[in-house]
A.B. asks: 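After the structure tokens below, expect a handful of questions from me.
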Number of protein chains: 2
Amino acid sequence: MQDYIKTDKGYAYEYPRAAVTTDSVIFGFDGQELLVLLIKRGGEPYKGCWAFPGGFLNMDETVEECAFRELKEETGLEPDQMEQFGVFSAVDRDPRGRVLTVSFYALIKKEQVSGGDDAADARWFPINALPPLAFDHSDMLREALAALKRDIYHKPIGFMLLDEHFTMPQLQRLYEAILGEQFDRRNFQKKMLASGVVEEQGVERAMGHRPGKLFSFVPENYDQMKEHDSRAKEF
Amino acid sequence: MQDYIKTDKGYAYEYPRAAVTTDSVIFGFDGQELLVLLIKRGGEPYKGCWAFPGGFLNMDETVEECAFRELKEETGLEPDQMEQFGVFSAVDRDPRGRVLTVSFYALIKKEQVSGGDDAADARWFPINALPPLAFDHSDMLREALAALKRDIYHKPIGFMLLDEHFTMPQLQRLYEAILGEQFDRRNFQKKMLASGVVEEQGVERAMGHRPGKLFSFVPENYDQMKEHDSRAKEF
DNA sequence: ACAAAAGTGTTGTAACTACACCCATGT
DNA sequence: ACATGGGTGTAGTTACAACACTTTTGT
């Protein structure tokens, strides 16, 4: 499976090849706003700009493995699930040469962040107060958000941003932050319960907070939601 | 923007690089069944097997441009729109070396096919009677179909498989072929008209067919469908 | 005591599903 | 004449959106 010739100048191929990287748009939630995890670039190009964690594909890994590895190296995070949402391949998107990026997004409980591991600064930013981003990462974020909004109806991803037990208002705030619109409390709760993906848990609540019923996510019922919700109805 | 060193052995890079290709899953419709366009491989590997049209990325084109160019070269087709649906990057998916494929799908009116241009045999196959496929193209097809089923609710792609004017039963057969289920004629028509994306056209019909009202696609109303249908309702 | 957040139920409306008969064409 | 496919409407049911007051907690 060796397709190159090793020369003193490096790995040689018959035709030119683009470099492949992965980038990961990591969403978090602080109870109010949707957050995005960024890394400050230490070197050129775009030195000092903020960018999504990511890096070059190794020859012994898939793009999924690459995204996971790079994220872990740069932030310490190991998300349960990463969703691929697009390939960015404009010929001039990276001044260093022809670089093609496969992009992923993931949702992470904010608490999990080991604040800036070995790598440079890693920080959460509210999605509505982002610094200038490197490369075409602004486009990337836009597409990641679009993918997230699309997927939240079909995949049980939203719950990854919350603790095991959560209150309805918390869940609702999360949905409102992601979808960017407001919902009616009563209707929201009705639909969530009707879909069966959340179930009532104990009625207790730790001190220091307002009270509130606790709910938990029921993965077993997610398949139904999938069908229920993807209009398998009748056309 | 030159990131390689040209040697007598070819284009040399500091680190090994995967080759990047695009493949296109082309769907057609014969009025009854969903069809897939395949190309018979003339060379190794998988000689004699059938595969999706596609090929290697050039350095001066995006993956979208590459998919379009390769499709045109191999089949003469120039679809209006191609949808990217995934990247395939298993390390051993191509015996020739490390090859990463960005996959697209497109819908094409069957009539448009210029039956096997310069390239090898290109043939339509009913989706339920496919020959053995090369590489990981069976997985690819599965994902393409899943993407198509997902997208047909949100994007006006289904109409690309029909003539400008079509009858409701034709449209319904198309949806049934794609989604793999049967619908009630009256309800199907009601929903289609209610969504506003189809409008009644003349009542005439060419001879040699059964009669039937003709409809046409109304792209202007598609945005509404998008919102209407992506549950922008209330949660 | 007051402000802020959380809990709860009902009702009108719109959308969906299920269903049966007639008509036109082609054989 | 018969079989096939196409056209059309209604009624029962369910899902949805809109809406206001009470209770608890924290200040």
Side-chain angles (χ1 to χ4, degrees), chain A residues 30-33 153 162-163 165-177 179 181-216 221 224-235, chain B residues 30-33 153 162-163 165-177 179 181-216 221 224-235:
Chain A
D30 63 4
Q32 292 303 135
E33 284 183 298
Y153 289 110
L162 298 171
D163 294 330
H165 300 306
F166 48 84
T167 65
M168 267 303 162
Q170 286 173 336
L171 182 62
Q172 183 172 349
R173 272 193 295 271
L174 172 59
Y175 271 70
E176 288 175 344
L179 295 170
E181 47 185 321
Q182 307 271 111
F183 305 118
D184 179 277
R185 291 205 310 285
R186 297 158 285 203
N187 295 338
F188 181 85
Q189 169 156 352
K190 250 179 291 178
K191 284 205 204 178
M192 275 293 162
L193 290 173
S195 76
V197 296
V198 294
E199 97 187 343
E200 192 169 336
Q201 213 64 14
V203 191
E204 262 326 301
R205 192 71 197 293
M207 290 279 72
H209 304 81
R210 302 197 154 271
K213 282 199 182 178
L214 290 178
F215 297 86
S216 64
N221 287 357
Q224 292 165 241
M225 170 180 168
K226 204 171 177 178
E227 289 175 34
H228 163 87
D229 213 46
S230 62
R231 235 152 306 108
K233 304 183 172 182
E234 196 180 9
F235 222 107
Chain B
D30 63 3
Q32 292 302 134
E33 284 183 297
Y153 289 110
L162 297 171
D163 294 331
H165 300 304
F166 48 84
T167 64
M168 267 302 161
Q170 287 173 336
L171 182 62
Q172 182 172 349
R173 271 193 294 270
L174 172 59
Y175 270 70
E176 289 176 342
L179 294 171
E181 47 185 323
Q182 307 272 110
F183 305 116
D184 179 278
R185 291 204 311 286
R186 296 158 286 202
N187 296 338
F188 180 85
Q189 168 157 352
K190 249 180 291 176
K191 284 204 202 180
M192 276 293 164
L193 290 173
S195 76
V197 296
V198 293
E199 96 186 344
E200 191 169 337
Q201 212 64 14
V203 192
E204 262 326 303
R205 191 71 199 290
M207 288 281 71
H209 305 82
R210 302 199 152 270
K213 282 200 182 177
L214 290 178
F215 297 85
S216 64
N221 288 358
Q224 293 165 240
M225 171 178 168
K226 205 171 176 179
E227 291 174 34
H228 163 87
D229 212 47
S230 62
R231 237 152 302 108
K233 305 184 173 182
E234 196 180 8
F235 222 105

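The structure presented is a predicted model; accordingly, all values stated were derived computationally and were not measured. Here is how names work: the chains are called A, B, and so on, in the same order as the sequence lines, proteins then strands, and each is numbered from 1.
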A.B. asks: Can you measure B:Gln170 atom CD to D:dG5 atom P for me and round it to whole angstrom units?
C.D. replies: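 Rounding to the nearest Å, CD of B:Gln170 and P of D:dG5 are 14 Å apart.
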A.B. asks: State whether B:Gln189 places a side-chain N or O below 4.0 Å from either non-bridging phosphate oxygen (OP1 or OP2) of D:dG7.
C.D. replies: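 For D:dG7, OP1/OP2 do not have a side-chain N/O of B:Gln189 under 4.0 Å.
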A.B. asks: In whole Å, I'd like the distance from the CD atom of A:Glu181 to the C1' atom of D:dA17.
C.D. replies: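 Distance check: A:Glu181 CD to D:dA17 C1' gives 14 Å.
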A.B. asks: For the pair made of CE in A:Met192 and C1' in C:dG7, what is the distance, rounded to whole Å?
C.D. replies: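 These atoms are roughly 18 Å apart.
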A.B. asks: Which whole-number value in Å describes the distance from A:Leu193 CG to C:dG9 P?
C.D. replies: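 Result: 12 Å.
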A.B. asks: Mind calculating the distance between CZ (B:Phe188) and P (D:dG7) to the nearest angstrom?
C.D. replies: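 So the CZ-P distance, B:Phe188 to D:dG7, works out to 12 Å.
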A.B. asks: So, for A:Val197 and A:Asn221, which heavy atoms are closest and what is the spacing to 0.1 Å?
C.D. replies: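 Of all heavy-atom pairs spanning A:Val197 and A:Asn221, the closest is CG1-O, 3.9 Å.
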A.B. asks: Using side-chain contact (heavy atoms from CB on, under 4.5 Å) as the criterion, point out the one residue from B:Glu200, B:Gln170, B:His165 that pairs with B:Leu214.
C.D. replies: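 Single pass found, and it is B:His165.
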A.B. asks: Taking CZ from A:Phe183 and C1' from C:dA5, how many angstroms apart are they, rounded to a whole number?
C.D. replies: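 Roughly 19 Å, once rounded to whole Å.
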A.B. asks: How long is the line joining CD of B:Gln182 and C1' of C:dT17, in whole Å?
C.D. replies: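 Value for this atom pair: 16 Å.
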A.B. asks: Does the side chain to side chain contact (heavy atoms under 4.5 Å, CB included) test come out yes or no for A:Met168 and A:Arg185, once each step is laid out?
C.D. replies: CA-CA 8 Å; A:Met168 267 303 162; A:Arg185 291 205 310 285; over 6 Å; no
A.B. asks: Are B:Phe188 and B:Tyr175, when compared by the centres of their aromatic rings, separated by less than 6.0 Å?
C.D. replies: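 Yes; B:Tyr175 has its ring centre under 6.0 Å from that of B:Phe188.
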A.B. asks: Could you list all N or O pairs between the protein and nucleotides 19-21 of chain D that sit under 3.5 Å apart?
C.D. replies:
| from | atom 1 | to | atom 2 | distance (Å) |
| --- | --- | --- | --- | --- |
| D:dC19 | N4 | A:Arg186 | NE | 3.0 |
| D:dA20 | N6 | A:Arg186 | NH1 | 2.8 |
| D:dA20 | N1 | A:Arg186 | NH1 | 3.1 |

A.B. asks: How close or far is atom C1' of C:dA15 from atom NZ of B:Lys191, stated in whole angstroms?
C.D. replies: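 In whole Å, C:dA15 C1' lies 8 Å from B:Lys191 NZ.
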A.B. asks: With A:Arg186, which residues qualify under salt bridge (charged side-chain N to carboxylate O under 4.0 Å, His left out), at least two apart?
C.D. replies: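 Testing A:Arg186 for salt bridge (charged side-chain N to carboxylate O under 4.0 Å, His left out), a comparison that skips the adjacent residues, returns A:Asp184.
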A.B. asks: Is there side-chain contact between B:Phe215 and B:Gln201, with at least one heavy-atom pair below 4.5 Å?
C.D. replies: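 Answer no - side chains too far apart.
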